[in-house]
2 protein chains.
Amino acid sequence: MSKSLLEQTPGETVACCSPLTREPLSADQAERIAPLVKAIADPVRLRLLSLVASHADGEACVCDLNDAFDLSQPTISHHLKLLHEAGLLDREKRGVWVYYRVDATALGDLAALLGGVTR
Amino acid sequence: MSKSLLEQTPGETVACCSPLTREPLSADQAERIAPLVKAIADPVRLRLLSLVASHADGEACVCDLNDAFDLSQPTISHHLKLLHEAGLLDREKRGVWVYYRVDATALGDLAALLGGVTR
DNA sequence: ACAAGACATAGATATCTGTCAATATCGACG
DNA sequence: CGTCGATATTGACAGATATCTATGTCTTGT
């Protein structure tokens, strides 16, 4: 069973949609997908995503990420929050540290939308 | 022979780079790719792109595109300009009309970056 | 309990972005 | 040529966004 458009998360919408190049996106679909794209439309967030994705064990501690940038800790925290809210990063607190991990499905859905790869 | 990073267009940079998830993006690469992603990080531009891409003959006249939105003509023109400058849309003037056409390579490069599909 | 460290939140501010109305440009056609 | 219709450019403005400093919240040692 499939949920109505209004109940879906952005990731679900991307997953359901035909690739960009096959048929016109509806206004609703576009409004739903855009935030997901916006989430990676920033050089810092692109790097954060790739840092987490390519890190050993597929996860990275915020402490590691902070060091990779010339930005304040709250700024990195802010970007991580945006990526998390977009569904692209999962967040897990273990002791004092917080680990982020890429949600491969969300990222794959985005690529599928753009490239027409049917998962 | 491959050009230096600074000589490359955004599209070329995307094409050259390993997928996001394989190794960390350098700051330079991220700064280069982000504008390309920003170009599609808007619901109107997503719809424009998909409208053009899925249009008969792979091209669409601005006059057709204007009608699909509740936005002023200059606003649509502005979005088309951004997509064109990002290398995602080609522009051709024929008589009074202007036709836009998707640059499939640029779009494919983006998808490859996100999804790890090697072209 | 307290102090310290890791991360998040809040508030402030400068810059960027999306939109519109007005105007310019450019080609076709009488 | 002069007008009309299609598209682009300009200038203005409201709202979003990226960044910082200051502060709050937890968790772990001592």
Side-chain angles (χ1 to χ4, degrees), chain A residues 10 25 27-28 30-49 51-52 55 59-101, chain B residues 10 25 27 30-52 55 59-101:
Chain A
L25 237 43
D28 265 0
E31 295 284 349
R32 224 161 258 290
I33 295 169
L36 206 54
V37 182
K38 261 189 227 282
I40 59 168
D42 177 277
V44 174
R45 292 196 291 273
L46 276 173
R47 286 184 65 202
L48 280 171
L49 201 59
L51 276 169
V52 171
H55 207 266
E59 66 180 12
C61 169
V62 176
C63 53
D64 297 328
L65 301 173
N66 278 323
D67 297 343
F69 296 85
D70 258 357
L71 292 171
S72 70
Q73 173 265 319
T75 297
I76 300 300
S77 184
H78 167 70
H79 286 302
L80 287 170
K81 182 183 187 180
L82 292 186
L83 287 167
H84 176 58
E85 287 173 349
L88 291 167
L89 286 185
D90 292 332
R91 188 177 178 282
E92 189 189 348
K93 182 162 188 173
R94 294 209 296 273
V96 178
W97 294 281
V98 172
Y99 293 87
Y100 284 92
R101 171 179 295 275
Chain B
L25 237 43
E31 294 285 349
R32 221 162 261 290
I33 295 168
L36 206 54
V37 181
K38 262 187 224 284
I40 59 168
D42 178 276
V44 174
R45 293 197 291 273
L46 277 174
R47 285 185 66 203
L48 280 171
L49 201 59
S50 81
L51 276 168
V52 171
H55 207 266
E59 65 179 13
C61 168
V62 176
C63 54
D64 297 328
L65 301 172
N66 278 323
D67 297 343
F69 297 85
D70 256 357
L71 293 170
S72 70
Q73 173 265 320
T75 296
I76 299 300
S77 184
H78 171 245
H79 286 302
L80 287 171
K81 183 183 186 179
L82 292 186
L83 288 168
H84 175 58
E85 287 174 347
L88 292 167
L89 285 186
D90 293 331
R91 190 178 177 280
E92 188 188 350
K93 183 161 188 174
R94 292 207 298 272
V96 176
W97 295 281
V98 172
Y99 293 87
Y100 284 90
R101 171 181 294 276

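Reminder, nothing fancy here: chain letters follow the sequence lines and each chain counts from 1.
Here the P atom of nucleotide D/dA8 and the CG atom of B/Leu83 are 12 Å apart, to the nearest Å. Rounded to a whole Å, the CD atom of B/Glu85 is 12 Å from the P atom of C/dG18. We find that CG of B/Leu48 is positioned 10 Å from P of C/dT19, with the value rounded to whole Å. With rounding to whole Å, A/Tyr99 atom OH is found 12 Å from C/dA6 atom P. For B/Lys38 and D/dA16, the NZ to P distance is 16 Å, given to the nearest whole Å. Atoms CD1 (A/Ile76) and C1' (C/dT9) sit 16 Å apart, rounded to a whole Å. Here the C1' atom of nucleotide C/dG18 and the CD atom of A/Glu31 are 12 Å apart, to the nearest Å. To the nearest angstrom, P of D/dC20 lies 11 Å from CG of A/Asn66.
Ranking C/dT19, C/dC26, C/dC7 by closeness to the B/Lys93 side chain, first place goes to C/dC26. Side-chain atoms of B/Cys61 lie closest to D/dT7 of the nucleotides D/dA22, C/dA6, D/dT7. Considering only side-chain atoms of A/Trp97, the nucleotide from D/dA8, D/dT17, C/dA6 that sits closest is C/dA6. Of the candidates D/dT7, C/dA21, D/dA18, the closest approach to any side-chain atom of A/Asp42 belongs to D/dA18.
Side-chain atoms of A/Ile40 and A/Arg45, non-hydrogen and from C-beta on, never get closer than 4.5 Å to each other.
In this structure, A/Asp67 places its CG atom where more than 12 heavy-atom neighbours from other residues, nucleotides or ligands lie under 6.0 Å away.
At a cut-off of 3.5 angstrom, counting only N and O atoms as typed in the model, there is a donor on one side and an acceptor on the other between the side-chain of B/Gln73 and the base of D/dA8.
An OP1 or OP2 oxygen of D/dT7 is reached within less than 4.0 angstrom by no side-chain nitrogen or oxygen of B/Arg91. The shortest distance between the side-chain N/O atoms of B/His79 and the OP1/OP2 oxygens of C/dT19 is below 4.0 Å. Under 4.0 angstrom from either OP1 or OP2 of C/dG18 there lies at least one side-chain N or O belonging to B/Arg45. Neither OP1 nor OP2 of C/dA8 sits under 4.0 Å from any side-chain N or O of A/Lys81. Distances shorter than 4.0 Å separate none of the side-chain N or O atoms of B/Thr75 from OP1 or OP2 on C/dG18.
A residue-by-residue look at A/Tyr100 and B/Leu71 shows that A/Tyr100 has its nearest nucleotide of DNA chain C further toward the 5' end. Residues A/Val96 and A/Pro74 each lie close to DNA chain D; by heavy-atom proximity, the contact nearer the 5' end of the strand is made by A/Pro74.
Taking CG from A/Leu82 and NZ from A/Lys38, the interatomic distance works out to 11.5 Å, rounded to the nearest 0.5 Å. Here the CG atom belonging to B/Leu88 is positioned 5.0 Å from the CG atom belonging to B/Leu36, to the nearest 0.5 angstrom. The distance from the CD1 atom of B/Ile76 to the SG atom of B/Cys63 is 12.5 Å, given to the nearest 0.5 Å.
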